[in-house]
There are 2 protein chains.
Amino acid sequence: MTAPTRRSRATILEVARDAGVSKTSVSRYFGDERSRLSPDMQQRIAASASRLGYRPNRIARGLKGGQSGLIGMLVADIRNPFSVAVMHGVEQACRAHGFSLMVCNTDNDPAQERDHLALLASYRVEGLVLNVAGHPGEELAALTERDTPLVLLDRSLDDLEADMVGLDNDRAIDAALEHLRAQGYGELLYISEPPERASSRQRRLERFWTKLGADGLEGEVCCLPLDDSPALERAIADFLDRPAAAPRAVLCANGNVTLAVTRVLQARGDTLGTTGLMGIDELDWCGLVGPGITTLAQPTEAIGRAAMDSLLERLTDSRRPPRQVRFSPTLIARGSTRR
Amino acid sequence: MTAPTRRSRATILEVARDAGVSKTSVSRYFGDERSRLSPDMQQRIAASASRLGYRPNRIARGLKGGQSGLIGMLVADIRNPFSVAVMHGVEQACRAHGFSLMVCNTDNDPAQERDHLALLASYRVEGLVLNVAGHPGEELAALTERDTPLVLLDRSLDDLEADMVGLDNDRAIDAALEHLRAQGYGELLYISEPPERASSRQRRLERFWTKLGADGLEGEVCCLPLDDSPALERAIADFLDRPAAAPRAVLCANGNVTLAVTRVLQARGDTLGTTGLMGIDELDWCGLVGPGITTLAQPTEAIGRAAMDSLLERLTDSRRPPRQVRFSPTLIARGSTRR
DNA sequence: TTGTATGCGTTATCAT
DNA sequence: ATGATAACGCATACAA
């Protein structure tokens, strides 16, 4: 009893022949019209299909109907736990609605963003979740022309009116400043990666400047790429190694910054708390370092689901005006902001 | 000057008409036969294509040639940084070879594994990277029957002879025990997640037992799911809160365990180093907690690339006997194993 | 309830 | 060097 060693999978035609019915009937069986088939026929199709190991070919299906069943996602940095958590939310939502997710990591490289976008377009994705650094104008235009729904994640793009989901950056900064002031810190250093290509970074930065005086705080800002650790060390030393009128704290614009800054502070031998430390983004280890690092947690899974919701809505009604969904952060107070 | 608001993308036919050539020529232009076209024709096709914004439809291409251009990857736990790092390596290699990667997270759920595998099959992926907990036999058989190349990641599957890439678990355990012994620890507690569905866990466990006596160490083992933190606390207390003849250390079977154990030790107020702590898998924060946590780092990117290499080879020669590639870990010694 | 015929966008085969 | 035409596997309008 040798199984037929086949080179390729069974097709709808083979099943039809085997069951003695037409291709159409088999197609209906695997489509959403199973109910329109007689019980007898359903039996025979089911039997043949399972014996032949038939699986509908989604590629062929997509070609005919224009329905690839695919949602595309561009992630600026897959090694950022925040991105992964959001992606997890998007994926769950995709599954729940019968879509599959195709994720492309771009390593914050605009060239890769363009390439991957073209790729996703060539697979005719039915929706797009974008978390990018550059502005892939042309490639994007090609997609939007087809009315492919689009949702921006965490970062918005100039001159692109699209749905957007992310953190309420103003509230995040407000909450951070309020917490730091309440804990008695009077001089702040805000450290961010270069904000040029990430709107959320810009927004946080602006808000920091805006609210600073209002809260009666002194502050300064430092923007630099995290791979330049000497520069980071210098910036932190400049801030901490001089006489000050009030307790000092460092505020980190995101999880990557928190990691880099924590390393520097640790190397310097600073005591967390005495030197305040707070970060946007909650990470696995924030409770473990020293007295614990105070953070503002983002509701990552919810953000992911919201992104998918946006897509689905727009799939139904492509004319709905662009909407922005902004989630509030949750303060997780720990020892790094306790003096 | 209104751009032609088109509902769908330009097709090869439209380009052909616009350029006054045949479909075949356009197909050749975008395939690998550009050289066979006259310079003049190349010019005209290029012009028309770019003006119409034409992109070959990979779905249609896949239908005809059976080449989806897709590699599928099943990841047991996307929130595990180790998995993400490996995935990053796989993705890079995919890109380098003109493939796209379709990643499915299964949350360690065999049901999801089956579903996602069926899905990947329906997209006719040309290769498969598997990191799974269950044993999706039927679905897998369907794929392997088509000679879809397959490579197992970190975990092998019973009665499935396939390529496999991962850590050299024996060397990892040996290195850990040797280091701990050299640092003067004499009684060990090895903590692992349940090994039943992950061969690498089993292998590490066995090796631990095997080598224990040889190194003149006392040891015991504890296997439990990490979501049961009371049980973990109890196990650790049992080990640490009793008189001992020699310094004690906890060895963690992977990064997740290291995280959970570190939390418990911290809550108990143990001093790292005095109580030894060591883990397999290097994580961002291991250098930051207390005196630093000693780890064995896996060469994640290399593992990812090796997985893809396996696939590519097998795509060329499907008869090559199954091969296992095992990478050696790198010891990163820190304060948690310094008494 | 079931079947026939056509087309989706592309590549492969066979011509010229 | 270039083109006409037939598949690829499926869904759908239409017919019975």
Side-chain angles (χ1 to χ4, degrees), chain A residues 6-45 48-49 52-70 121-126 142 146, chain B residues 6-46 48-49 52-70 98 121-126 142 146:
Chain A
R6 28 178 334 104
R7 200 65 184 174
S8 62
R9 260 197 194 269
T11 75
I12 202 171
L13 180 61
E14 300 178 75
V15 176
R17 284 202 183 117
D18 186 89
V21 302
S22 76
K23 290 197 304 179
T24 309
S25 298
V26 180
S27 173
R28 286 192 176 121
Y29 181 85
F30 285 99
D32 281 334
E33 318 179 71
R34 195 170 300 190
S35 52
R36 279 172 47 183
L37 301 178
S38 70
D40 171 58
M41 179 167 280
Q42 292 193 33
Q43 294 263 344
R44 279 154 59 206
I45 295 179
S48 297
L52 270 48
Y54 170 74
R55 299 257 170 222
N57 182 331
R58 291 213 58 145
I59 295 191
R61 178 190 302 216
L63 183 54
K64 176 58 184 170
Q67 310 288 62
S68 65
L70 254 26
S122 78
Y123 279 107
R124 301 298 189 266
V125 294
E126 298 182 55
R146 292 194 72 210
Chain B
R6 28 180 333 106
R7 203 63 186 175
S8 62
R9 260 197 193 270
T11 73
I12 204 173
L13 181 60
E14 301 179 73
V15 176
R17 285 204 183 115
D18 186 89
V21 302
S22 76
K23 290 195 303 178
T24 309
S25 297
V26 179
S27 173
R28 287 193 176 119
Y29 181 84
F30 285 99
D32 281 333
E33 317 180 70
R34 196 170 300 190
S35 52
R36 280 173 45 184
L37 300 178
S38 69
D40 171 58
M41 180 167 278
Q42 292 192 33
Q43 294 264 343
R44 278 154 59 206
I45 294 178
S48 297
L52 270 48
Y54 170 74
R55 299 255 170 225
N57 183 330
R58 295 212 58 147
I59 295 192
R61 178 187 302 213
L63 180 54
K64 177 57 185 171
Q67 309 289 61
S68 65
L70 255 26
S122 79
Y123 280 106
R124 302 298 189 264
V125 294
E126 298 182 53
R146 290 194 73 209

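Note that this is a predicted model, so its numbers are computed, not measured. Labels below follow one simple rule: chain letters A, B, ... track the order of the sequence lines, proteins then strands, and each chain is numbered from 1.
Rounded to an integer number of Å, the gap from B:R17 CZ to C:dT10 P is 13 Å. When the P atom of D:dA11 is taken as reference, atom OH of A:Y29 falls 14 Å away, rounded to whole Å. Atom CZ in B:R34 sits about 16 Å away from atom C1' in C:dT11, given to the nearest Å. D:dG9 atom P lies 18 Å from atom OH of B:Y123, rounded to whole Å. Look at CG on B:D32: it is 10 Å from P on C:dA12, rounded to the nearest Å. Between B:R44 atom CZ and D:dA1 atom P there is a gap of 16 Å when expressed in whole angstrom units.
Toward the 5' end of DNA chain C, the nearer of the two residues B:L13 and A:P39, judged by each one's closest nucleotide, is A:P39. Nearer to the 5' terminus of DNA chain D, by closest-nucleotide assignment, is the contact made by B:V21 (compared with the other of B:V21 and B:L63).
In this structure, B:L13 CG and B:Y54 OH are separated by 10.5 Å, a value rounded to the nearest 0.5 Å.
Residues from residues 53-60 of chain B with heavy atoms under 4.0 angstrom of DNA chain C, sorted by number: B:Y54, B:R55, B:P56, B:N57, B:A60.
Note on B:S25: a side-chain N or O is less than 4.0 Å away from OP1 or OP2 of D:dG3. Using a 4.0 Å cut-off, no side-chain N or O of B:T11 falls inside it from OP1 or OP2 of C:dG9. B:S38 has a side-chain polar atom (N or O) that falls below the 4.0 Å cut-off from OP1 or OP2 of D:dT2.
A:P56 approaches A:R61 most closely through the heavy-atom pair CB-NH2, 3.4 Å. A:Y123 and B:R58 make their closest contact through OH-NE, 3.5 Å (heavy atoms, listed as atom of the first residue, atom of the second, distance). For the pair B:I59 and A:L63, the tightest heavy-atom approach, listed with the atom from each and the gap, is CG2-N, 3.9 Å.
The closest side-chain heavy-atom distance from A:N57 to A:T11 is not below 4.5 Å. Two residues are said to be in side-chain contact when any heavy atoms from C-beta on lie closer than 4.5 Å; A:M41 and A:I45 meet this criterion. In this structure, B:E126 and B:Q67 have side chains that are in contact, with non-hydrogen atoms separated by less than 4.5 Å.
With sequence neighbours excluded, the residues forming a side-chain contact (heavy atoms from CB on, under 4.5 Å) with A:V125 are A:L70, A:L120, A:L128, listed by chain and number. Here B:D40 pairs with B:R44 under the side chain to side chain donor-acceptor pair (under 3.5 Å) rule; sequence neighbours left out. Not counting sequence neighbours, the partners of B:R28 by the side-chain contact (heavy atoms from CB on, under 4.5 Å) test are B:T24, B:E33, B:R36, B:L37.
In this structure, the side chain of A:S68 engages the main chain of A:R124 through a donor-acceptor pair within 3.5 Å.
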Under 3.5 Å, N/O pairs linking protein and nucleotides 12-16 of chain D:
unit_1, atom_1, unit_2, atom_2, d
D:dT12, O4, A:T24, OG1, 3.3

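Five base pairs at each end of the helix from C:dT1-D:dA16 to C:dT16-D:dA1 define two local axes, and these are offset by 30° (rounded to 10°).
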